[in-house]
Amino acid sequence: MSLSKVTFTNPEGQTLSGRLELPADQHPHNFVLFAHCFTCNKNLGAVRNISRGLTSQGFGVLRFDFTGLGESEGDFADTNFSGNVEDLISAADFLAKEYQAPTLLVGHSLGGAASIFAAAEIDSIKAVATVGAPSNPKHVKHLLQSSIPEIETHGKAVVNLSGRDFTIKKQFLDDLETKSLPEIAKNLGKALLVMHSPQDTTVGIQNAEEIYLAAKHPKSFVTLDGADHLLMKKEDSVYVGKVIAGWSSRYVDIPDAPKISSKHHVVANLGNDEGYTTQMKVGNHYMVADEPESVGGHDFGPSPYEYVSAGLSACTAMTIKMYVARKNWDLQNVEVHTNYSKTHAEDCENCEDPTAKIDTFEREIKLDGDLDEKQITRILQIADKCPVHKTLHSETQVITKLIK
């Protein structure tokens, strides 16, 4: 996973802070917007775990703090539900301009309700997933129940939510009264996944039913049995991330891995815009090679010499296994560790000359089993007879010609 800090502005010109998570082994095939729960922030453990579940499946994820929360500018007291929706639209505009327009919206709790409203305004969104979302934004008012009279009388009140004090103004309550989520869900026209726990004591399970019944197909429901509202158990949020990634794959475009045809056993294909990320067909298998970031690559795959080292390790392990099987010796497992470098040859006459260095593969072998010293010595001798080892020691030739 690659994580970077990003910022963008909302319609009021305030700077919002986010984290952009990208998959570790490829360019993202789609981008996701994540809306956190009421008074939460982008760094909640559940938010991070869900995001990582998505990046592990090739998605890029932008999670950010709504106005007045976390690291984002603005005064929370001056915000409302409509502002959260506008923040999501601003985040989508930022992704479309700087990276790629998002196709998936994920929202937790009140962020789930905001995601449905925002999805109706963002053309690029093809699917929406909600987690523990209220069927109506007005549901938040029950969290403020004891303070509502003061808010109505004085225009605002300080409310303690999850151990933190927040100033809630009357305009926040008034804004909630204007929002009808069932009507928006009914006309959403995009795939919807509703995830909810029957044991959610903050936002009851009936909310999921109301959202699901209001929406039109394609729609899905997944129960989060045993989970609490904030998904405090890691296994719950990890599960949510995996399910959303799998479900959304039916509704967003995920390109197939490049297919390469060739009469040769191995072919490498590198486009002009790919840096050093090289698509390869090796026999009937598709792989990726790359260079480390230190030399300008993306590190999306092993380097060419790492592939050579891998070939030596694999061939050594296979050769040992074949020999020991014929001998019926007790070898339970073999590990072969190989490292490549260029080093000076022993007793070289001109060690100061860089050309005096030779290719060196350092190979270490670990044998697990009931073997005596004589057997171990023989196995190490056999290791030097593996075909790849012999090829590296023999005189070889590479014949190159142009394909027209």
Side-chain angles (χ1 to χ4, degrees), residues 1 23-26 56-58 256-270 274 276-295 297-346 357-401 403:
M1 178 193 71
D25 57 352
Q26 64 182 87
S56 70
Q57 298 302 310
D256 293 331
K259 300 298 182 183
I260 306 170
S261 59
S262 174
K263 64 181 180 180
H264 295 87
H265 185 64
V266 177
V267 59
N269 183 59
L270 179 58
E274 297 300 322
Y276 296 119
T277 306
T278 305
Q279 304 296 329
M280 300 194 303
K281 183 181 181 185
V282 182
N284 295 320
H285 308 282
Y286 290 89
M287 302 179 183
V288 174
D290 208 336
E291 291 288 359
E293 293 182 357
S294 59
V295 295
H298 295 295
D299 200 26
F300 285 167
S303 69
Y305 273 111
E306 286 173 332
Y307 271 111
V308 175
S309 298
L312 178 59
S313 286
C315 185
T316 301
M318 292 176 186
T319 300
I320 290 173
K321 184 68 180 291
M322 290 177 186
Y323 180 81
V324 168
R326 289 198 299 268
K327 292 292 186 178
N328 200 28
W329 291 350
D330 181 19
L331 176 63
Q332 300 298 319
N333 190 70
V334 56
E335 272 184 25
V336 182
H337 302 251
T338 304
N339 184 55
Y340 167 82
S341 64
K342 281 185 177 291
T343 60
H344 287 293
E346 293 184 13
K357 290 185 176 182
I358 63 172
D359 295 278
T360 301
F361 291 88
E362 297 179 359
R363 182 175 55 187
E364 297 180 344
I365 300 174
K366 180 181 179 181
L367 304 171
D368 292 329
D370 186 13
L371 301 167
D372 58 36
E373 288 300 320
K374 184 176 180 181
Q375 290 172 326
I376 292 173
T377 299
R378 182 55 181 161
I379 288 173
L380 294 180
Q381 293 173 345
I382 293 299
D384 288 341
K385 298 182 182 300
C386 92
V388 172
H389 185 120
K390 288 183 175 181
T391 297
L392 292 172
H393 272 280
S394 66
E395 182 178 351
T396 61
Q397 61 178 349
V398 177
I399 300 172
T400 304
K401 62 181 180 180
I403 300 176

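The figures here come from the full heavy-atom set of this structure, side chains too, leaving out hydrogens, waters and symmetry mates. Keep in mind it's a predicted model, so treat the numbers as computed, not measured.
- For Lys366, the side chain to side chain contact (heavy atoms under 4.5 Å, CB included) test picks out Glu335, Asp368, with sequence neighbours left out.
- Among residues two or more places apart in sequence or in another chain, the side chain to side chain donor-acceptor pair (under 3.5 Å) test is passed with Ser309 by none.
- The CZ atom of Phe300 sits 13.5 Å away from the CD atom of Glu291 when rounded to the nearest 0.5 Å.
- Distance CD/Gln375 to CG/Asp370: 8.0 Å, rounded to 0.5 Å.
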Test side-chain contact (heavy atoms from CB on, under 4.5 Å) on Thr277 and Asp290; report intermediate values, then the result.
CA-CA 5 Å; Thr277 306; Asp290 208 336; 2.7 Å; yes
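- In this structure, the side chain to side chain contact (heavy atoms under 4.5 Å, CB included) partners of Met287, at least two apart in sequence or on a different chain, are Met280, Val282, His285, Tyr307.
- Considering only heavy atoms from C-beta on, Pro292 comes within 4.5 Å of Val295 through its side chain.
- A search for side chain to side chain contact (heavy atoms under 4.5 Å, CB included) contacts involving Asn328 returns nothing, not counting sequence neighbours.
- More than 12 heavy atoms of other residues, nucleotides or ligands sit less than 6.0 Å from atom CD of Gln381.
- Here the OG1-CG distance, from Thr377 to Leu371, works out to 10.5 Å after rounding to the nearest 0.5 Å.
- In this structure, NZ in Lys385 is found 9.5 Å from NE2 in His389, a value given to the nearest 0.5 Å.
- To the nearest 0.5 Å, atoms OG1 (Thr338) and CZ (Phe361) are separated by 8.5 Å.
- Taking CD of Glu306 as the reference point, atom CG of Asn339 lies at 9.0 Å (rounded to 0.5 Å).
- Scored by the salt bridge (Lys or Arg N to Asp or Glu O under 4.0 Å) test, Asp384 finds Arg363 as partners (sequence neighbours excluded).
- Shortest non-hydrogen contact noted between Val388 and Gly311 is CG2-O, 3.9 Å.
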Pair up each side-chain donor or acceptor in residues 317-326 with any protein partner under 3.5 Å, not counting sequence neighbours, and list the distances.
| from | atom 1 | to | atom 2 | distance (Å) |
| --- | --- | --- | --- | --- |
| Thr319 | OG1 | Cys315 | O | 2.8 |
| Tyr323 | OH | Arg378 | NE | 3.2 |

